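Have a look at the structure below before the remarks.
Note that the numbering runs from 1 along the sequence shown for the chain. Computed from a prediction, not measured in an experiment: that's the story for all the values here.
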Amino acid sequence: KTLVARRAAIPDGILKSSRELLREYLNVMDVPTDEDPLIAFVMEQFSIKRDEFAALLEHEYKTGCYPGREAAAEGVRLCEEVLSQRKDGLALLNRMNELRDELLDQSEDMAEVTAFFKDQRPVFDSAAELYGTLSDEQDYLQDDAEAQSALATVAEILALVRPYRRISELPALLHLLRTKYAALLEDKKGNVLSELQAAIEELHQTAGPGQEKILKEADTVLGERRQTAAAAPTLTALDALRTRLEEVKRYYLQLLIGGEVTGADTMTVSRTDICHTAALKDEADVEKYLAEVKKRLLDMLEGHDILHIV
């Protein structure tokens with residue numbers, strides 16, 4: 001004799017509360033009313049939600065430091081909690097209803113996250129990129145209180161757990177910082193390019209007959225440095241280029257000055273190593289200063305045939 005157990009119907013109260021929760025959590029009106037379609041709907045929708053949250057964690061949150069990661073992780077956990085009862089329809093709906101408050105809180109948090117990735121992410125990315133650049137250049141902005149304040153505010157917004165309401169402040173802050181930094185960059189580029197031109201002119205004035213080959217090589221090298229300076233993206237890069245420019249100029253000046261003497265013991269020094277800053281008030285100060293320079297030069301020349309000053 002075969003016994004057939006009849007499945008107990010799910011109480012209407014649980015079905016009703018489940019439909020109400022689903023409408024609010026999923027923000028939809030069309031929710032199945034019958035028991036079996038409702039259970040299938042729950043399993044389908046919570047599987048979709050879980051996969052959406054997991055995809056955010058796997059992609060967006062692995063490639064960028066974005067707000068809302070905790071909400072996405074909580075979404076995965078809650079969906080797994082509900083789906084863990086998938087083998088029993090009543091247990092499934094009961095578990096979902098038990099998690100009602102947590103589900104609705106997470107849904108509210110995710111609404112902000114969804115809006116962020118839809119509308120706010122580009123400006124957030126721009127702010128993070130600019131802040132990363134200017135963090136390494138802060139020394140150049142230390143005398144500009146407005147720029148320092150703007151940079152600090154950008155950092156504050158980027159670090160917020162829920163920055164969504166303040167992201168609207170970023171465009172104006174970024175415009176201010178870009179404008180100020182661009183002005184500093186153009187000013188320094190002008191200075192470096194002027195130094196390049198002065199170096200070329202100094203080499204040409206120093207060169208004598210038969211040194212055309214050295215000049216041609218120097219012109220080529222410094223011409224490349226000019227292109228690099230014009231395209232330099234940061235103030236740090238320009239300062240590094242300025243250092244290399246001085247080294248290049250010294251190298252070719254040494255070739256030009258020392259080219260006429262062979263087999264001589266030479267020492268090359270920078271003119272900046274010879275003279276120091278001073279405030280000269282009268283003839284006595286001048287004489288004393290020149291005596292110090294003379295002594296320094298003689299000390300440098302001692303033991304060498306030629307002292308090259310570049």
Fill in: side chain to side chain contact (heavy atoms under 4.5 Å, CB included) between Glu202 and Leu253, intermediate numbers included
CA-CA 9 Å; Glu202 184 174 357; Leu253 279 174; 3.7 Å; yes
Item to complete: Could you please spell out the steps behind the salt bridge (charged side-chain N to carboxylate O under 4.0 Å, His left out) verdict for Arg77 and Glu80?
Response: CA-CA 5 Å; Arg77 184 189 73 80; Glu80 292 286 6; over 6 Å; no
Practice prompt. Report the C-alpha distance between Met96 and Gln85 in whole Å, list the side-chain angles of each, state the deciding distance to 0.1 Å, and finish with yes or no for side chain to side chain contact (heavy atoms under 4.5 Å, CB included).
Written response: CA-CA 9 Å; Met96 182 180 71; Gln85 304 299 319; over 6 Å; no
Item to complete: Show your reasoning for whether side chain to side chain contact (heavy atoms under 4.5 Å, CB included) applies to Lys216 and Asp219.
Response: CA-CA 5 Å; Lys216 183 177 180 181; Asp219 286 345; 5.7 Å; no
Item to complete: Start with the C-alpha distance between Phe53 and Met110, add both sets of side-chain angles, then the distance that settles side chain to side chain contact (heavy atoms under 4.5 Å, CB included), and finish with yes or no.
Response: CA-CA 9 Å; Phe53 301 144; Met110 280 307 299; 3.8 Å; yes
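Environment of CD in Glu108: sparse, with no more than 12 heavy atoms of neighbouring residues, nucleotides or ligands closer than 6.0 Å. More than 12 heavy-atom neighbours from other residues, nucleotides or ligands sit within 6.0 angstrom of CG on Asp282.
Using a 4.0 Å cut-off between charged nitrogen and carboxylate oxygen, Asp239 and Lys188 count as a salt-bridge pair. Look at Arg250 and Glu246 and you find a salt bridge, because one of the NZ, NE, NH1 or NH2 atoms lies within 4.0 Å of a carboxylate O, short of that distance. A salt bridge between Arg23 and Glu20 is absent, with no side-chain N of the basic residue lying under 4.0 Å from a carboxylate O of the acidic one. Salt bridge Arg121/Asp125: present, at least one basic N to carboxylate O contact under 4.0 Å. Salt-bridge formation is detected for the pair Arg100/Glu24: a Lys NZ or Arg NE/NH1/NH2 atom is positioned less than 4.0 Å from an Asp or Glu carboxylate oxygen. Ion pairing between Lys62 and Glu58 holds under the 4.0 Å rule for side-chain N and carboxylate O. Salt-bridge check for Lys49 with Glu44: failed, with every basic side-chain N at 4.0 Å or more from each acidic carboxylate O.
Of all heavy-atom pairs between Leu57 and Ala73, the closest is CD1-CA, 3.9 Å. Of all the heavy atoms in Gly89 and Ile39, the pair that sits closest is CA-CD1, 3.5 Å. The two atoms that bring Ala237 and Thr234 nearest to each other are N-OG1, 3.0 Å, heavy atoms only.
No side-chain heavy atom of Leu238 sits under 4.5 Å from any side-chain heavy atom of Asn191. For the pair Lys295/Leu290, no side-chain contact is recorded, criterion being any heavy-atom separation below 4.5 Å from C-beta on. Taking 4.5 Å as the limit, every side-chain heavy atom of Leu170 sits out of range of all side-chain heavy atoms of Gln120. Inter-residue side-chain proximity for Leu26 and Val31 is flagged as unmet; no heavy-atom pair is nearer than 4.5 Å. Between Val123 and Pro171, the closest side-chain pair of non-hydrogen atoms falls below 4.5 Å. Side-chain contact between Gln45 and Leu22: absent, with no pair of heavy atoms (C-beta onward) separated by less than 4.5 Å. Annotation: side chain of Ser18 is in contact with side chain of Asn97 (closest heavy-atom distance under 4.5 Å). The closest side-chain heavy-atom distance from Val161 to Pro67 is not below 4.5 Å.
With sequence neighbours excluded, the residues satisfying side-chain contact (heavy atoms from CB on, under 4.5 Å) with Arg166 are Thr153, Glu156, Ile157, Leu160, Glu169. Annotation: salt bridge (Lys or Arg N to Asp or Glu O under 4.0 Å) contacts of Glu129 (sequence neighbours excluded): none. Applying the side chain to side chain donor-acceptor pair (under 3.5 Å) rule to Glu287 yields no partners; only residues at least two apart in sequence or on another chain are considered.
Interatomic distance, CG of Leu184 versus OH of Tyr140, reported as 10.0 Å (0.5 Å rounding). Distance check, rounded to the nearest 0.5 Å: CD of Gln254 to NZ of Lys249 gives 13.5 Å. We find the CG-OG distance between Leu130 and Ser135 to be 9.0 Å, quoted to the nearest 0.5 Å. Here CD of Glu112 is found 4.0 Å from CZ of Arg162. Values are rounded to the nearest 0.5 Å. To the nearest 0.5 Å, the span separating CG on Leu151 from CD on Glu146 amounts to 12.5 Å. In this structure, CD on Glu195 lies 4.0 Å from CZ on Arg242, to the nearest 0.5 angstrom.
The backbone N or O of Ala183 lies less than 3.5 Å from no partner atom in the side chain of Asp187, so there is not a single donor-acceptor pair. Using modelled atom types, one side-chain atom of Ser17 and one backbone atom of Ile14 make a donor-acceptor pair closer than 3.5 Å. Side chain of Glu137 to backbone of Leu235: a donor-acceptor contact under 3.5 angstrom is found. A donor-acceptor pair is defined here as one N or O able to donate and one able to accept, closer than 3.5 Å; such a pair exists between the side chain of Lys189 and the backbone of Ala230. Listed for the Gln106 side chain is no donor-acceptor partner under 3.5 Å among the backbone atoms of Glu74. Listed for the Asp34 side chain is no donor-acceptor partner under 3.5 Å among the backbone atoms of Asp36. The main-chain N or O of Ile10 is found under 3.5 Å from a side-chain atom of Glu35 such that the two form a donor-acceptor pair. When atom types are taken as modelled, the side chain of Thr63 and the backbone of Glu60 share a donor-acceptor pair closer than 3.5 angstrom. Arg19 places a side-chain N or O within 3.5 Å of a backbone atom of Thr33 that can act as its donor or acceptor partner. The main-chain N or O of Ala145 is never found under 3.5 Å from a side-chain atom of Ser149 such that the two would form a donor-acceptor pair.
A donor-acceptor pair shorter than 3.5 Å can be found between the side chains of Tyr252 and Glu217. Using modelled atom types, one finds a donor on one side chain and an acceptor on the other under 3.5 Å when comparing Gln197 with Arg226. Between the side chains of Thr236 and Asp136, no donor-acceptor pair of N or O atoms lies under 3.5 Å.
A ring pair (Phe, Tyr, Trp, His ring centres under 6.0 Å) check over residues 192-232, counting only residues at least two apart or in different chains, returns nothing. Evaluation of the ring pair (Phe, Tyr, Trp, His ring centres under 6.0 Å) test over residues 68-117, restricted to residues two or more places apart or in two chains, returns Tyr61-Phe117, Tyr66-Phe116, Tyr66-Phe117, Phe116-Phe124. For residues 141-196, there are no ring pair (Phe, Tyr, Trp, His ring centres under 6.0 Å) pairs, not counting sequence neighbours.
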